[in-house]
Q: 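There's a structure below that I have some questions on.
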Amino acid sequence: MPNILIRDLDPAVHSVLAARAEALGQSLQQYLTAELTRLAGRPTLAELFTDFASRPPQQPIPASAIVSAIHDGRRAG
């Protein structure tokens, strides 16, 4: 497995991360691995925009259909 070395980390940041790991009963390595995995699973804004741009164009929804849906929802609720 690859390793990551982070240099020049502010000691205050290290303390916060270590405290969060301890609060969850995890080692700092376990905590950071989980957080980095979560971070990598979320697309960046650039990735989202690229994804949206690659989608086929959609037909606009008429305002009357939106208003009808709102009224239907209010009647059902």
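Predicted model only: the values in this text are computed from it and were never measured. Both backbone and side-chain heavy atoms feed into the values below; hydrogens, waters and symmetry mates do not.
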Q: Are more than 12 heavy atoms from other residues, nucleotides or ligands located less than 6.0 Å from atom CD1 of Ile61?
A: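 No.
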Q: How many angstroms lie between CZ in Arg75 and CD1 in Ile70, if you round to the nearest 0.5 Å?
A: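 Those atoms lie 11.5 Å apart.
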Q: Could you tabulate the donor-acceptor pairs under 3.5 Å formed by side-chain atoms of residues 16-26, not counting sequence neighbours?
A:
none

Q: For Arg42 and Glu47, which heavy atoms make the closest approach, and how far apart are they?
A: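 It is O-OE1, 4.3 Å.
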Q: Can Leu36 and Ile4 be said to form a side-chain contact (heavy atoms from CB on, under 4.5 Å), step by step?
A: CA-CA 11 Å; Leu36 289 171; Ile4 295 175; 4.2 Å; yes
